[in-house]
Amino acid sequence: MAKDYYAVLGIDRSATQEEIKKAYRKIAFENHPDKNPNNKEAEARFKEASEAYDILRDPAKRENYDRYGTADTMGGAGFGSAEDIFSHFGDIFGSIFGGFGNVNPNAPQRGADLRYNLAITLEQAFTGDTVTIKIPTTENCSECEGSGCAKGGKRTRCSYCDGTGEVIQKQGFFRVSTPCVACRGTGETVDKPCPKCKATGLTETMKTLSLTIPKGVETGVRLRMEGEGEKGTHNAPSGDLYVILSVKQDSRYIRKEEDLLIVEHISFIDAILGAKKTIQTLHGEKEITIAKGTQNDDTFVIKGAGMPFLRNPTKYGNLIVQYKVDIPKHISAEQEKLLTQYKELDAEKPLQKLKNVGKKIGKAMGLTE
Ligand SMILES: [Zn+2]
Ligand SMILES: [Zn+2]
């Protein structure tokens, strides 16, 4: 996790620019190196505060930091920035592609990292649901307790590779090392193999894990579950499990980062006369206002009724309601009569307008009052 710049400056997440500046100045003044010669602690405080101030004073950087926990404005909402939130990727490739090489097979080897793709609904991303996942895993064979030997059998050094677990072959100029086939790279063979695990000492099984989805996640966010990957050999630590999240497309909401868009159908009468309506949102029921003379595609914004910000789940994006004006395909005879009246009324308007214009001109020319 990145540093909490707000905590560094001792301010609230809603702090104003003025409050940020004030907090920084105070810390910078008290811990300035000129005032605190040879004081490493003060120096560190000073540096930390400067770093925090540099980000939070800049609205664009601050916004990015609030959302993604990084001030890198180039990051955007893409995979790259989301990935950095749960960093610690240092050795993922190392352990996957490390393979055998010239490693002593009997030396402890960290288990491989595993990847699990998890698709969640928008609601789950909204509430930060806890889900259970089932992943394949290996455990010590129950029959032989991991030894790989059947009753009365024993493990002996592999004679084919002389216990190294690898076989070196010459191919032209190259020396190619491959895992020994006889002992499967373990350096040892079993005289009486365990029938259940076929001498590997391991059996495959499924394990159930509980996982809490952080509020506000987007597609591409990775969650790391330490030690939930493949088992290590010879008591080496297990690998990690990386859960790659994808948020399924919702039938009702269109998501744009933290904002949500919904389409609301309204009658042409409501569009003309204006109305109030209650709609269901992720935040419960909300009232929307249809202004008099609403046009197709006009929008109404409900502030704070969108998705939570991943970095600051107490903050929410907006809900944008887009109106679609419905024209009825069938109307009753009564309605048709009334609308015809309306049409006639509307036709009179230009004449009235003309009269008004006439009046104005007359007035301007001093002909009328
Ligand atoms: Zn061997
Ligand atoms: Zn076994």
Side-chain angles (χ1 to χ4, degrees), residues 86 88-119 130-212 222-245:
F86 306 92
H88 325 289
F89 280 87
D91 49 8
I92 181 166
F93 292 112
S95 53
I96 289 175
F97 301 113
F100 285 93
N102 295 317
V103 187
N104 172 6
N106 296 316
Q109 253 191 315
R110 184 180 175 274
D113 291 323
L114 294 176
R115 175 193 169 115
Y116 185 92
N117 296 327
L118 178 65
T130 300
V131 295
T132 51
I133 57 172
K134 275 194 160 74
I135 59 155
T137 182
T138 51
E139 60 181 23
N140 279 349
C141 172
S142 56
E143 187 79 23
C144 63
E145 288 169 336
S147 73
C149 307
K151 272 209 175 86
K154 60 181 187 301
R155 301 184 77 92
T156 43
R157 169 184 267 241
C158 173
S159 56
Y160 191 72
C161 62
D162 202 21
T164 60
E166 53 171 356
V167 178
I168 311 276
Q169 284 167 320
K170 269 187 101 177
Q171 286 184 0
F173 292 109
F174 302 104
R175 281 159 56 86
V176 180
S177 154
T178 51
C180 171
V181 186
C183 63
R184 296 178 212 205
T186 63
E188 288 178 328
T189 49
V190 173
D191 54 358
K192 283 187 193 165
C194 165
K196 191 177 180 192
C197 63
K198 297 187 173 54
T200 58
L202 299 168
T203 44
E204 273 199 5
T205 168
M206 296 296 275
K207 69 174 165 185
T208 307
L209 293 173
S210 175
L211 169 81
T212 302
R222 299 186 188 201
L223 305 177
R224 173 175 173 260
M225 298 182 83
E226 202 179 338
E228 300 292 0
E230 270 182 17
K231 265 174 95 92
T233 63
H234 303 276
N235 296 323
S238 297
D240 297 329
L241 172 70
Y242 289 88
V243 178
I244 321 286
L245 294 174

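Whatever order the structure lists them in is the order used to number ligands and atoms, beginning at 1.
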Contacts of D162 meeting side chain to side chain donor-acceptor pair (under 3.5 Å) (sequence neighbours excluded), chain-then-number -> R157
Handout entry: From CA spacing to verdict: side-chain hydrogen bond (donor to acceptor under 3.5 Å, both in side chains), S147, K154
Key = CA-CA 8 Å; S147 73; K154 60 181 187 301; over 6 Å; no
With a 4.5 Å heavy-atom cut-off, do L118 and V131 have their side chains touching? yes
One should read off an interatomic distance between R155 CZ and D191 CG, to the nearest 0.5 angstrom, of 10.5 Å
Carboxylate-amine/guanidinium contact R115 D240, below 4.0 Å
no
Q | Working for salt bridge (charged side-chain N to carboxylate O under 4.0 Å, His left out), residues K207 and E228 | A | CA-CA 10 Å; K207 69 174 165 185; E228 300 292 0; 2.9 Å; yes
One checks the Zn ion (ligand 1) and counts protein N, O or S atoms under 2.8 Å, reaching 4
Taking the Zn ion (ligand 2) as the apex, C197 SG and C144 SG span an angle, rounded to 10°, of 110°
